[in-house]
Amino acid sequence: MATRSLWRTRAKLAVAATALCTGGAAATIATSDDPAAARKLCTAVPLRLLRDSATAASIVFDYQYSLWGLPEGSNERAKIKHEVHLRSARKLQELCFRNGGIYIKLGQHVGQLEYLVPQEYVLTMRESMLNKCPVSSYDQVCEVFKKELGETPDKVFDEFDPKPIASASLAQVHIARTHDGQKVAVKVQHTHMTDTAAADQATVEFLVNTLHRLFPSFDYRWLVAEIRESLPKASCLKIPLSEFTLSRNLDVLYNCFLSIRRDIGFDWFWAFQELDFLIEAKNSVKCLENFRKLSPHIADYVYAPEVHWSLSTSKLLTMEFMDGAYVNDVISIQKLGIQPSDVARLVSQTFAEMMFKHGFVHCDPHAANLLVRPLPSGKRRIFGKKKPQLILLDHGLYKELDFSTRFSYASLWRALVFSDANGIKEHSVKLGAGEDLYVLFAGILTMRPWNRVIDPAVDHLVIKGSDSDRSELQMYASQYFPQISELLRRLPRVILLMLKTNDCLRAVNNSLLQGSSLETFLIIGRVSSKAVVEAKMTQMKSLFSRIDIWFEEFLFEARLLALQIAFWLLRVRNALT
């Protein structure tokens, strides 16, 4: 039976692939302004699609065949399942490296989904995807420069290091020096990105949806949606598949493809024209403006590199070069005379302000995108330790929260911090979790079981990072996987990105503090409460309504003060024991 399932999967994927690639090729070449690039696309895409299909079929067959007949809950099944997870993770890793680009992004994202996907996948991707991204050759870099600025790097800059200091899924970074002596970082887009980005995204979505149709228990459609939201902004062209034309002798294949397309809801072929670095540059400017206008009390503590606009285009971004320690490098942070706990507080404060007050959020705050340096003004804490400044890098992925979403999200986090079960339910439902899955939503946000979420204890949301904590979360993720998949499928895409942001920040906090901190949640409670009050003030006009809101704010400040006192007492007790 497993073999028959595999052959059915291969047959349907092959039919769909043939129809998609043939029709897509005809439409792309016929309408392209660059026929040579279009031909390159149409030869690369079928190969990548077949490679994807073969890997997907191999993984599905491995699970179906290897676990066939093994009783649920048995030690033998657990052992075999671990081995299949490991083999499949390596196959997916190999596919990501061979295809590159968006597939690297996919692998990186899987590596951040601890507790939601099997640990074998998380560890395999985490160990490789952040440090082994493909590098464009210097000739390819020169090709981008000639196309964008009309000259090679050695002409544009006084100095240019041909060896990149970092490479990511979409671009790589070189050190250079301008003709007036300024040291800069130059971000160069990988040349293959614009060739295959659209087709890669469409192919991954198509395969995941098709596999879910064939095997309903395989439901990672939410992950595809999250990856789609995680890609940098781009100008794009949307071509209805219904406009693709095929020769008459392919009518049977085409009709079969249309049937699959209707069933899985795959209605559009997205054609990216460019991944635009100028949008990234504008995001960095807007981010700092928001801190100056809406959060002036910490504006000096948050920084983004200055953009050199005359040396930047949609595929090249030239920025001020920044020195600093990566946010997860505790030893280097301490060598700078900065306390890691101060950095953790600043990171929490910065992103709480973005999410709850600005509504304009940097959604890729993993450790490689956050640097720390001493505050340039030289200010120090009481005991002589230097104050930190957080440097935000890679501004390609931002998301705007509309007023309603921002208000509900801030209200939800306030309810979580204060163990308010009714508030958690009300605002979870407003954000799309539904009355049946709001408990699960609260658990995913906090990584705590429901009994801990509503526990009135002051440290009810703190994760200690112990093996028992980790095992408990993994058990819940495995036990409720179908419900988790359904929840992530129904949540708005912007909330999926907030979950991704939370995952990144949780990892940063864990590296700085070896677990989450009660102080982190106090910061979240304070900023979310102020954001809720400010939002209500903008909606209320009458004096009595404003007095009522002021009284509400006073009560929440009193509760925060009580939590802060309890936190201090807890620290004293821990220090004495």
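Predicted, not measured: the structure shown is a model, and the values here were computed from it. Computation of the quantities below employed the complete heavy-atom set of this structure, encompassing side-chain atoms and omitting hydrogens, waters and symmetry-equivalent molecules.
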Polar side-chain atom of Gln389 near backbone of Asp300 as donor-acceptor pair, under 3.5 Å: yes
Can you tell me how far CG of Leu288 sits from CG of Leu392, rounded to the nearest 0.5 angstrom? 7.5 Å
Is there a side-chain contact between Leu278 and Ser312 (heavy atoms, below 4.5 Å)? yes
In Å, rounded to the nearest 0.5 Å, how long is the span from CG of Leu390 to OH of Tyr301? 13.0 Å
Taking C-beta and beyond as the side chain, do Leu370 and Tyr326 meet within less than 4.5 Å on heavy atoms? no
Salt-bridge present (Glu534, Lys530; N to O < 4.0 Å): no
Between Thr318 (side chain) and Leu311 (backbone), is there a donor-acceptor pair under 3.5 Å? yes
Going by atom types only, do Glu400 and His358 share a side-chain donor-acceptor pair under 3.5 Å? no
Measure the spacing between CG of Leu497 and CG of Asn502 and express it to the nearest 0.5 Å. 11.0 Å
Is Lys500 reaching over with its side chain to a backbone N or O of Cys363, donor-acceptor style, under 3.5 angstrom? yes
In terms of side-chain geometry, is the basic nitrogen of Lys187 or Asp394 positioned less than 4.0 Å from the acidic oxygen of its partner? yes
CD1 of Ile331 to CD of Gln334: how many Å apart, nearest 0.5 Å? 7.5 Å
Donor-acceptor contact below 3.5 Å, side chain Ser511 vs main chain Val508: yes
Start with the C-alpha gap between Ser485 and Arg489, add the side-chain angles, then the distance that decides, and say whether side-chain contact (heavy atoms from CB on, under 4.5 Å) holds. CA-CA 6 Å; Ser485 293; Arg489 187 194 62 79; over 6 Å; no
Are the side chains of Leu491 and Leu499 in contact, using a 4.5 Å heavy-atom criterion? yes
Is it true that Asp323 and Lys183 have a side-chain N and a carboxylate O under 4.0 angstrom from each other? no
Compare all side-chain heavy atoms of Leu512 with those of Asn328 and state whether any distance is below 4.5 angstrom. no
Tell me if a side-chain donor or acceptor on Ser332 pairs with a main-chain N or O of Asp329 at a distance below 3.5 Å. no
Inter-residue atom distance Ser411.OG - Asp420.CG, 0.5 Å rounding: 10.0 Å
Working for side-chain contact (heavy atoms from CB on, under 4.5 Å), residues Thr520 and Val347: CA-CA 9 Å; Thr520 296; Val347 170; over 6 Å; no
Can you confirm whether Ile524 sits close enough to Ser348 that some side-chain heavy atom of one is under 4.5 Å from a side-chain heavy atom of the other? no
Please verify the inter-ring angle class for Phe360 with Tyr398; under 30° counts as parallel, over 60° as perpendicular, anything in between as tilted. parallel
Between Thr124 (side chain only) and Tyr121 (backbone N and O only), is there a donor and an acceptor less than 3.5 Å apart? no
Any non-hydrogen side-chain atom of His297 less than 4.5 Å from a side-chain atom of Glu353? yes
Mind running side-chain contact (heavy atoms from CB on, under 4.5 Å) on Val527 and Phe351 for me, showing each step along the way? CA-CA 10 Å; Val527 178; Phe351 282 88; over 6 Å; no
Centroid separation under 6.0 Å, is that true for the rings of Phe441 and Trp450? no
Closer than 3.5 angstrom, by distance alone: can the side chain of His362 be matched with the main-chain N or O of Leu393 as a donor-acceptor pair? yes
So, Asn283 side chain and His395 main chain: donor-acceptor pair closer than 3.5 Å or not? yes
May I ask you to test the Arg452-Leu461 pair for a side-chain heavy-atom distance under 4.5 Å? no
Evaluate the side-chain proximity of Ile391 to Val372: yes if any heavy-atom separation is below 4.5 Å, no if none is. no
Taking every non-hydrogen atom, the tightest pair across Gly423 and Ala415: C-CB, 3.7 Å
Between Glu289 and Lys286 (salt bridge meaning N to carboxylate O under 4.0 Å), is one present in this structure? no
Look up atom OG1 in Thr313 and atom CD in Gln189, then write down how far apart they are to the nearest 0.5 Å. 8.5 Å
Backbone of Asp455 reached by a side-chain donor or acceptor of Ser419 within 3.5 Å: yes
Glu320 and Tyr303: CA distance, side-chain angles, deciding distance, side chain to side chain donor-acceptor pair (under 3.5 Å) verdict: CA-CA 11 Å; Glu320 173 187 6; Tyr303 190 75; 2.7 Å; yes
Looking just at side-chain N and O atoms, do His174 and Gln172 make a donor-acceptor pair shorter than 3.5 Å? yes
Short question: side chain of Thr405, backbone of Leu401 - any donor-acceptor pair under 3.5 Å? no
